[in-house]
Visitor: 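Once you've had a glance at the structure underneath, I'll fire off some questions.
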2 protein chains.
Amino acid sequence: MSDGRTAQVHGGESLLFLTDEQLRQGIEAMFFAYRGFTADPDRILAEMAYGRAHHRAIHFINRAPGTTVNNLLVILGVTKQSLNRVLRTLVADGLVESRVGTSDKRERHLFLTEAGKALESQLSDAQRARMRAAFRKTGPEAVAGFKQVLEAMMDTDMHHAYVNLRDGG
Amino acid sequence: MSDGRTAQVHGGESLLFLTDEQLRQGIEAMFFAYRGFTADPDRILAEMAYGRAHHRAIHFINRAPGTTVNNLLVILGVTKQSLNRVLRTLVADGLVESRVGTSDKRERHLFLTEAGKALESQLSDAQRARMRAAFRKTGPEAVAGFKQVLEAMMDTDMHHAYVNLRDGG
DNA sequence: TTGGAAAGTCAACAAGGCTGACATATGCTG
DNA sequence: CAGCATATGTCAGCCTTGTTGACTTTCCAA
(Lines give C-alpha, C1' and ligand atoms only; values in the text may rest on other atoms or scores of the structure.)
Protein backbone atom coordinates (compact mmCIF):
# COMPACT_ATOMS: atom_id res chain seq x y z
CA MET A 1 0.00 0.00 0.00
CA SER A 2 2.68 2.49 1.01
CA ASP A 3 5.29 1.26 -1.40
CA GLY A 4 5.20 4.40 -3.52
CA ARG A 5 4.92 2.32 -6.67
CA THR A 6 1.53 3.62 -7.69
CA ALA A 7 3.40 5.82 -10.13
CA GLN A 8 3.91 3.00 -12.58
CA VAL A 9 3.10 3.51 -16.21
CA HIS A 10 0.33 1.23 -17.39
CA GLY A 11 -0.18 0.79 -21.08
CA GLY A 12 1.71 3.99 -21.78
CA GLU A 13 -0.51 6.15 -19.59
CA SER A 14 1.36 8.14 -16.95
CA LEU A 15 -0.16 7.80 -13.50
CA LEU A 16 2.15 10.29 -11.83
CA PHE A 17 -0.85 12.02 -10.26
CA LEU A 18 -1.47 8.86 -8.22
CA THR A 19 1.84 8.70 -6.39
CA ASP A 20 1.69 8.50 -2.62
CA GLU A 21 3.21 11.97 -2.47
CA GLN A 22 0.49 13.38 -4.71
CA LEU A 23 -2.16 11.69 -2.60
CA ARG A 24 -0.64 13.05 0.61
CA GLN A 25 -0.69 16.51 -0.89
CA GLY A 26 -4.34 16.05 -1.74
CA ILE A 27 -5.03 15.03 1.84
CA GLU A 28 -3.25 18.07 3.23
CA ALA A 29 -4.97 20.33 0.73
CA MET A 30 -8.34 19.05 2.01
CA PHE A 31 -7.28 19.72 5.58
CA PHE A 32 -6.09 23.28 5.02
CA ALA A 33 -8.91 24.15 2.64
CA TYR A 34 -11.57 22.93 5.06
CA ARG A 35 -10.12 25.23 7.69
CA GLY A 36 -10.41 28.15 5.32
CA PHE A 37 -13.86 27.01 4.27
CA THR A 38 -15.25 27.20 7.82
CA ALA A 39 -13.19 30.13 9.09
CA ASP A 40 -15.48 32.97 8.03
CA PRO A 41 -18.80 31.61 9.33
CA ASP A 42 -17.01 30.44 12.47
CA ARG A 43 -16.03 34.01 13.24
CA ILE A 44 -19.62 35.19 12.87
CA LEU A 45 -21.00 32.32 14.94
CA ALA A 46 -18.49 32.90 17.72
CA GLU A 47 -20.00 36.33 18.38
CA MET A 48 -23.35 34.71 19.07
CA ALA A 49 -23.69 31.69 21.31
CA TYR A 50 -23.69 29.41 18.27
CA GLY A 51 -21.32 26.91 16.73
CA ARG A 52 -20.80 24.97 13.53
CA ALA A 53 -23.57 22.56 14.44
CA HIS A 54 -26.11 25.39 14.38
CA HIS A 55 -24.77 26.57 11.06
CA ARG A 56 -25.20 23.13 9.50
CA ALA A 57 -28.75 22.81 10.73
CA ILE A 58 -29.65 26.28 9.47
CA HIS A 59 -28.00 25.62 6.12
CA PHE A 60 -29.92 22.45 5.36
CA ILE A 61 -33.25 23.69 6.70
CA ASN A 62 -32.86 26.62 4.34
CA ARG A 63 -32.04 24.32 1.43
CA ALA A 64 -34.89 21.93 2.13
CA PRO A 65 -37.62 23.90 3.91
CA GLY A 66 -40.18 21.68 5.59
CA THR A 67 -37.78 18.81 6.01
CA THR A 68 -38.36 16.54 8.97
CA VAL A 69 -36.12 16.00 11.96
CA ASN A 70 -35.41 12.48 10.78
CA ASN A 71 -34.32 13.62 7.32
CA LEU A 72 -32.07 16.20 8.81
CA LEU A 73 -30.26 13.85 11.11
CA VAL A 74 -29.54 11.41 8.30
CA ILE A 75 -28.15 14.25 6.19
CA LEU A 76 -26.05 15.63 9.02
CA GLY A 77 -24.95 12.21 10.18
CA VAL A 78 -25.52 12.86 13.87
CA THR A 79 -27.76 11.34 16.53
CA LYS A 80 -31.17 12.76 17.28
CA GLN A 81 -30.00 13.71 20.77
CA SER A 82 -27.19 15.74 19.31
CA LEU A 83 -29.38 17.40 16.71
CA ASN A 84 -32.17 17.97 19.19
CA ARG A 85 -29.92 20.00 21.46
CA VAL A 86 -29.14 22.33 18.58
CA LEU A 87 -32.72 22.54 17.28
CA ARG A 88 -34.06 23.26 20.75
CA THR A 89 -31.94 26.39 21.06
CA LEU A 90 -32.72 27.50 17.51
CA VAL A 91 -36.46 27.14 18.10
CA ALA A 92 -36.21 28.83 21.50
CA ASP A 93 -34.32 31.73 19.92
CA GLY A 94 -36.93 32.10 17.20
CA LEU A 95 -34.69 31.18 14.26
CA VAL A 96 -36.42 27.92 13.38
CA GLU A 97 -40.08 26.97 13.39
CA SER A 98 -41.15 23.38 14.01
CA ARG A 99 -44.61 22.54 12.63
CA VAL A 100 -46.48 19.34 13.35
CA GLY A 101 -46.98 17.35 10.16
CA THR A 102 -50.40 17.41 8.50
CA SER A 103 -50.50 13.94 6.96
CA ASP A 104 -48.36 12.31 9.65
CA LYS A 105 -48.69 14.13 12.94
CA ARG A 106 -45.67 12.38 14.41
CA GLU A 107 -43.39 14.32 12.13
CA ARG A 108 -42.11 17.84 12.71
CA HIS A 109 -41.45 19.97 9.67
CA LEU A 110 -38.70 22.53 10.02
CA PHE A 111 -38.64 26.04 8.59
CA LEU A 112 -36.47 29.10 9.03
CA THR A 113 -38.22 32.16 10.46
CA GLU A 114 -37.38 35.60 9.09
CA ALA A 115 -34.69 35.93 11.75
CA GLY A 116 -33.39 32.50 10.79
CA LYS A 117 -33.24 33.48 7.14
CA ALA A 118 -31.36 36.62 8.07
CA LEU A 119 -28.69 34.66 9.91
CA GLU A 120 -28.52 32.10 7.13
CA SER A 121 -27.87 34.89 4.66
CA GLN A 122 -25.16 36.39 6.79
CA LEU A 123 -23.36 33.07 7.20
CA SER A 124 -23.87 32.03 3.61
CA ASP A 125 -22.66 35.35 2.23
CA ALA A 126 -19.41 35.01 4.11
CA GLN A 127 -18.86 31.44 3.02
CA ARG A 128 -19.83 32.08 -0.58
CA ALA A 129 -17.53 35.08 -0.78
CA ARG A 130 -14.53 32.84 -0.17
CA MET A 131 -15.84 30.14 -2.49
CA ARG A 132 -16.54 32.73 -5.17
CA ALA A 133 -13.03 34.17 -4.87
CA ALA A 134 -11.52 30.69 -5.19
CA PHE A 135 -13.75 29.81 -8.16
CA ARG A 136 -13.12 33.09 -9.93
CA LYS A 137 -9.38 32.83 -9.43
CA THR A 138 -9.11 29.30 -10.78
CA GLY A 139 -11.74 29.32 -13.53
CA PRO A 140 -14.56 27.06 -14.71
CA GLU A 141 -12.43 24.08 -15.71
CA ALA A 142 -10.69 23.90 -12.36
CA VAL A 143 -14.10 24.22 -10.68
CA ALA A 144 -15.44 21.34 -12.74
CA GLY A 145 -12.50 19.17 -11.67
CA PHE A 146 -12.91 20.26 -8.07
CA LYS A 147 -16.53 19.16 -8.05
CA GLN A 148 -15.82 15.87 -9.77
CA VAL A 149 -13.17 14.88 -7.26
CA LEU A 150 -15.28 15.94 -4.28
CA GLU A 151 -18.24 13.94 -5.59
CA ALA A 152 -16.05 10.89 -5.89
CA MET A 153 -14.81 11.33 -2.34
CA MET A 154 -18.21 11.79 -0.71
CA ASP A 155 -19.89 9.78 1.96
CA THR A 156 -22.43 8.34 -0.44
CA ASP A 157 -25.17 7.35 2.01
CA MET A 158 -25.41 10.79 3.51
CA HIS A 159 -25.28 12.48 0.16
CA HIS A 160 -27.91 10.23 -1.37
CA ALA A 161 -30.23 11.05 1.52
CA TYR A 162 -29.78 14.68 0.65
CA VAL A 163 -30.15 14.30 -3.10
CA ASN A 164 -33.31 12.25 -2.67
CA LEU A 165 -34.72 14.83 -0.33
CA ARG A 166 -34.07 17.65 -2.77
CA ASP A 167 -35.34 15.70 -5.77
CA GLY A 168 -38.51 14.80 -3.89
CA GLY A 169 -39.10 18.27 -2.46
CA MET B 1 -24.60 39.55 -2.16
CA SER B 2 -27.42 37.01 -2.37
CA ASP B 3 -29.11 38.52 -5.37
CA GLY B 4 -28.30 35.60 -7.63
CA ARG B 5 -27.07 37.97 -10.31
CA THR B 6 -23.51 36.76 -10.25
CA ALA B 7 -24.37 34.84 -13.39
CA GLN B 8 -24.07 37.84 -15.63
CA VAL B 9 -22.06 37.64 -18.79
CA HIS B 10 -19.10 39.99 -18.77
CA GLY B 11 -17.35 40.80 -21.99
CA GLY B 12 -18.78 37.72 -23.63
CA GLU B 13 -17.35 35.33 -21.00
CA SER B 14 -19.97 33.16 -19.35
CA LEU B 15 -19.72 33.19 -15.56
CA LEU B 16 -22.42 30.62 -14.99
CA PHE B 17 -20.10 28.71 -12.68
CA LEU B 18 -20.24 31.64 -10.25
CA THR B 19 -23.99 31.69 -9.63
CA ASP B 20 -25.10 31.52 -6.03
CA GLU B 21 -26.53 28.09 -6.74
CA GLN B 22 -23.20 26.85 -8.07
CA LEU B 23 -21.42 28.28 -5.04
CA ARG B 24 -23.90 26.64 -2.68
CA GLN B 25 -23.32 23.33 -4.42
CA GLY B 26 -19.60 23.82 -3.95
CA ILE B 27 -20.17 24.45 -0.25
CA GLU B 28 -22.26 21.32 0.12
CA ALA B 29 -19.75 19.28 -1.86
CA MET B 30 -17.05 20.35 0.58
CA PHE B 31 -19.23 19.35 3.50
CA PHE B 32 -20.09 15.90 2.22
CA ALA B 33 -16.64 15.22 0.84
CA TYR B 34 -14.94 16.13 4.09
CA ARG B 35 -17.15 13.61 5.82
CA GLY B 36 -16.03 10.93 3.41
CA PHE B 37 -12.46 12.11 3.67
CA THR B 38 -12.32 11.53 7.44
CA ALA B 39 -14.62 8.52 7.64
CA ASP B 40 -12.06 5.76 7.12
CA PRO B 41 -9.40 6.93 9.59
CA ASP B 42 -12.16 7.80 12.05
CA ARG B 43 -13.26 4.18 12.06
CA ILE B 44 -9.74 3.00 12.81
CA LEU B 45 -9.21 5.62 15.50
CA ALA B 46 -12.49 4.78 17.20
CA GLU B 47 -11.23 1.28 17.96
CA MET B 48 -8.36 2.77 19.92
CA ALA B 49 -8.87 5.58 22.41
CA TYR B 50 -7.89 8.15 19.79
CA GLY B 51 -9.63 10.83 17.79
CA ARG B 52 -9.06 13.07 14.82
CA ALA B 53 -6.78 15.37 16.80
CA HIS B 54 -4.37 12.49 17.37
CA HIS B 55 -4.45 11.67 13.68
CA ARG B 56 -3.58 15.24 12.70
CA ALA B 57 -0.67 15.39 15.12
CA ILE B 58 0.67 12.04 13.92
CA HIS B 59 0.29 13.07 10.29
CA PHE B 60 2.27 16.28 10.57
CA ILE B 61 4.94 14.86 12.86
CA ASN B 62 5.48 12.21 10.22
CA ARG B 63 5.69 14.80 7.48
CA ALA B 64 8.09 17.05 9.39
CA PRO B 65 10.06 14.92 11.85
CA GLY B 66 11.81 16.92 14.53
CA THR B 67 9.32 19.77 14.36
CA THR B 68 8.70 21.68 17.56
CA VAL B 69 5.48 21.91 19.51
CA ASN B 70 5.21 25.55 18.54
CA ASN B 71 5.51 24.81 14.82
CA LEU B 72 2.93 22.13 15.12
CA LEU B 73 0.35 24.25 16.86
CA VAL B 74 0.61 26.97 14.24
CA ILE B 75 0.10 24.38 11.51
CA LEU B 76 -2.83 22.77 13.28
CA GLY B 77 -4.38 26.06 14.29
CA VAL B 78 -5.11 25.07 17.88
CA THR B 79 -3.89 26.33 21.22
CA LYS B 80 -0.77 24.84 22.75
CA GLN B 81 -2.85 23.55 25.66
CA SER B 82 -5.13 21.67 23.29
CA LEU B 83 -2.24 20.18 21.36
CA ASN B 84 -0.40 19.33 24.56
CA ARG B 85 -3.17 17.08 25.80
CA VAL B 86 -3.00 15.04 22.60
CA LEU B 87 0.81 14.91 22.59
CA ARG B 88 0.87 13.82 26.22
CA THR B 89 -1.20 10.72 25.48
CA LEU B 90 0.78 9.94 22.33
CA VAL B 91 4.07 10.18 24.24
CA ALA B 92 2.67 8.16 27.15
CA ASP B 93 1.52 5.46 24.72
CA GLY B 94 4.94 5.33 23.07
CA LEU B 95 3.85 6.60 19.64
CA VAL B 96 5.69 9.91 19.77
CA GLU B 97 9.06 10.80 21.20
CA SER B 98 9.66 14.31 22.54
CA ARG B 99 13.31 15.34 22.70
CA VAL B 100 14.54 18.46 24.46
CA GLY B 101 16.15 20.84 21.98
CA THR B 102 19.94 20.97 21.92
CA SER B 103 20.44 24.62 20.97
CA ASP B 104 17.31 25.88 22.73
CA LYS B 105 16.33 23.72 25.65
CA ARG B 106 12.88 25.29 25.83
CA GLU B 107 11.92 23.55 22.64
CA ARG B 108 10.74 19.98 22.28
CA HIS B 109 11.43 18.19 19.00
CA LEU B 110 8.84 15.61 18.03
CA PHE B 111 9.41 12.26 16.30
CA LEU B 112 7.31 9.21 15.62
CA THR B 113 8.49 5.99 17.24
CA GLU B 114 8.27 2.73 15.31
CA ALA B 115 4.84 2.15 16.82
CA GLY B 116 3.88 5.68 15.84
CA LYS B 117 5.02 5.10 12.28
CA ALA B 118 2.99 1.91 12.15
CA LEU B 119 -0.19 3.70 13.17
CA GLU B 120 0.55 6.55 10.78
CA SER B 121 0.84 4.02 7.96
CA GLN B 122 -2.40 2.35 8.88
CA LEU B 123 -4.33 5.63 8.99
CA SER B 124 -2.66 7.03 5.92
CA ASP B 125 -3.26 3.89 3.88
CA ALA B 126 -6.97 4.09 4.60
CA GLN B 127 -7.20 7.74 3.75
CA ARG B 128 -5.08 7.48 0.64
CA ALA B 129 -7.12 4.56 -0.61
CA ARG B 130 -10.20 6.75 -0.82
CA MET B 131 -8.26 9.66 -2.28
CA ARG B 132 -6.66 7.35 -4.83
CA ALA B 133 -10.02 5.95 -5.86
CA ALA B 134 -11.41 9.46 -6.30
CA PHE B 135 -8.35 10.61 -8.25
CA ARG B 136 -8.30 7.54 -10.45
CA LYS B 137 -11.98 7.81 -11.20
CA THR B 138 -11.85 11.46 -12.21
CA GLY B 139 -8.45 11.67 -13.91
CA PRO B 140 -5.44 13.99 -13.84
CA GLU B 141 -7.16 17.09 -15.19
CA ALA B 142 -9.91 16.97 -12.60
CA VAL B 143 -7.28 16.41 -9.92
CA ALA B 144 -5.38 19.47 -11.11
CA GLY B 145 -8.55 21.56 -10.86
CA PHE B 146 -9.34 20.10 -7.48
CA LYS B 147 -5.96 21.13 -6.12
CA GLN B 148 -6.11 24.60 -7.63
CA VAL B 149 -9.47 25.36 -6.07
CA LEU B 150 -8.46 23.97 -2.68
CA GLU B 151 -5.27 26.04 -2.70
CA ALA B 152 -7.28 29.14 -3.42
CA MET B 153 -9.62 28.36 -0.55
CA MET B 154 -6.96 27.68 2.07
CA ASP B 155 -6.30 29.41 5.32
CA THR B 156 -3.15 31.02 4.05
CA ASP B 157 -1.40 31.72 7.37
CA MET B 158 -1.62 28.14 8.51
CA HIS B 159 -0.57 26.79 5.15
CA HIS B 160 2.39 29.13 4.85
CA ALA B 161 3.62 28.01 8.25
CA TYR B 162 3.54 24.48 6.92
CA VAL B 163 5.17 25.23 3.59
CA ASN B 164 7.97 27.17 5.30
CA LEU B 165 8.51 24.34 7.73
CA ARG B 166 8.82 21.78 4.96
CA ASP B 167 11.02 24.00 2.82
CA GLY B 168 13.31 24.70 5.75
CA GLY B 169 13.45 21.12 7.01
C1' DT C 1 21.94 40.28 36.79
C1' DT C 2 17.49 40.91 36.19
C1' DG C 3 13.16 41.39 33.73
C1' DG C 4 10.57 40.20 29.70
C1' DA C 5 9.47 36.86 26.22
C1' DA C 6 8.97 32.23 24.66
C1' DA C 7 8.02 27.14 25.20
C1' DG C 8 5.68 23.99 27.52
C1' DT C 9 2.57 22.05 31.28
C1' DC C 10 -1.50 21.66 34.47
C1' DA C 11 -6.37 22.77 35.69
C1' DA C 12 -10.91 23.86 34.76
C1' DC C 13 -14.64 24.81 31.65
C1' DA C 14 -17.73 24.57 27.23
C1' DA C 15 -19.36 22.73 22.79
C1' DG C 16 -20.91 19.06 20.63
C1' DG C 17 -20.32 14.41 19.51
C1' DC C 18 -21.90 9.65 21.63
C1' DT C 19 -24.86 5.73 24.15
C1' DG C 20 -28.67 4.17 26.94
C1' DA C 21 -33.13 4.48 28.84
C1' DC C 22 -37.57 6.11 28.69
C1' DA C 23 -41.99 8.96 27.53
C1' DT C 24 -45.40 10.42 24.22
C1' DA C 25 -48.02 10.58 20.20
C1' DT C 26 -49.23 8.61 16.10
C1' DG C 27 -49.63 5.15 12.37
C1' DC C 28 -50.40 0.63 10.86
C1' DT C 29 -51.68 -4.27 10.95
C1' DG C 30 -53.91 -8.35 12.31
C1' DC D 1 -59.63 -2.74 19.07
C1' DA D 2 -54.91 -4.47 20.62
C1' DG D 3 -50.41 -4.33 20.00
C1' DC D 4 -46.35 -3.33 17.68
C1' DA D 5 -43.62 0.04 14.98
C1' DT D 6 -42.21 4.75 14.02
C1' DA D 7 -41.07 9.76 14.90
C1' DT D 8 -39.82 12.74 18.14
C1' DG D 9 -38.32 14.62 22.52
C1' DT D 10 -35.84 14.34 26.89
C1' DC D 11 -32.70 13.16 30.80
C1' DA D 12 -28.36 11.51 32.35
C1' DG D 13 -23.71 10.65 31.72
C1' DC D 14 -19.61 9.98 29.05
C1' DC D 15 -15.68 11.37 25.64
C1' DT D 16 -12.96 14.30 22.57
C1' DT D 17 -11.25 18.51 21.64
C1' DG D 18 -11.55 23.13 21.63
C1' DT D 19 -10.98 27.32 25.01
C1' DT D 20 -8.73 30.59 28.91
C1' DG D 21 -5.92 31.34 33.04
C1' DA D 22 -2.08 30.43 35.88
C1' DC D 23 2.31 28.54 36.32
C1' DT D 24 7.45 26.85 35.51
C1' DT D 25 11.55 26.67 32.97
C1' DT D 26 14.58 28.56 29.81
C1' DC D 27 16.59 32.06 26.92
C1' DC D 28 18.06 36.58 25.73
C1' DA D 29 18.88 41.37 25.93
C1' DA D 30 19.18 45.72 28.50
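Since the model is a prediction, treat every value here as computed from it, not as a measurement. Naming convention: chains lettered A, B, ... in sequence-line order (proteins, then strands); numbering from 1 in each chain.
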Visitor: Please check the phosphate of C:dA15 (OP1 and OP2 only) for any side-chain N or O of A:H54 closer than 4.0 Å.
Guide: no
Visitor: If we fit an axis to the first five pairs and another to the last five of the helix from C:dT1-D:dA30 to C:dG30-D:dC1, what angle do they make, to the nearest 10°?
Guide: 10°
Visitor: Hey, what do you get for CD (A:E107) to CG (A:N70), rounding to the nearest 0.5 Å?
Guide: 8.0 Å
Visitor: Rounding to an integer number of Å, can you tell me how far A:N84 CG sits from C:dG16 C1'?
Guide: 13 Å
Visitor: Any side-chain donor-acceptor pair under 3.5 Å between B:Q22 and A:K147?
Guide: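 On atom types as modelled, these side chains qualify, holding a pair under 3.5 Å.
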Visitor: Looking at D:dG18, does its base get a donor-acceptor pair with the side chain of B:R85 below 3.5 Å?
Guide: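 Indeed, a donor on one side and an acceptor on the other fall under 3.5 Å apart.
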Visitor: Between B:L87 and B:R35, which is nearer to the 5' end of DNA chain C once each is assigned its nearest nucleotide?
Guide: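 Mapping each residue to its closest nucleotide by heavy atoms, the 5'-most match is B:L87.
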Visitor: Base, sugar-phosphate, or nothing for A:K105, non-hydrogen atoms under 4.0 angstrom?
Guide: sugar-phosphate
Visitor: Per the atom types in the model, does the base of C:dG16 pair as donor or acceptor with the side chain of A:Q81 at under 3.5 Å?
Guide: no
Visitor: Any ion pair linking A:R63 and B:E21 (charged N to carboxylate O, less than 4.0 Å)?
Guide: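 The answer is yes: the pair qualifies as a salt bridge.
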Visitor: Look at the side chain of A:R108 against the base of D:dT8 and say whether a donor-acceptor pair falls under 3.5 Å; ignore hydrogens and angles.
Guide: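 Answer no: no donor N or O sits under 3.5 Å from an acceptor.
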Visitor: Base, sugar-phosphate, or nothing for A:S103, non-hydrogen atoms under 4.0 angstrom?
Guide: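 Sugar-phosphate contact only.
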Visitor: Is the distance from the ring center of A:F60 to that of A:Y162 below 6.0 Å?
Guide: yes
Visitor: Hey, does the Lys NZ or Arg CZ of B:R99 hover above the aromatic six-ring of B:F111, less than 6.0 Å from the centre and inside 45° of the axis?
Guide: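 Relative to the ring axis of B:F111, which defines the angle, B:R99 lies inside both limits.
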Visitor: B:H109 near the nucleic acid: base, sugar-phosphate alone, or nothing, with a heavy-atom cut-off under 4.0 Å?
Guide: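 Since no nucleic acid heavy atom lies under 4.0 Å of B:H109, the category is nothing.
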Visitor: Taking the six-membered ring for Trp, are the ring centroids of B:F135 and B:F146 within less than 6.0 Å of each other?
Guide: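 They qualify: ring centres under 6.0 Å apart.
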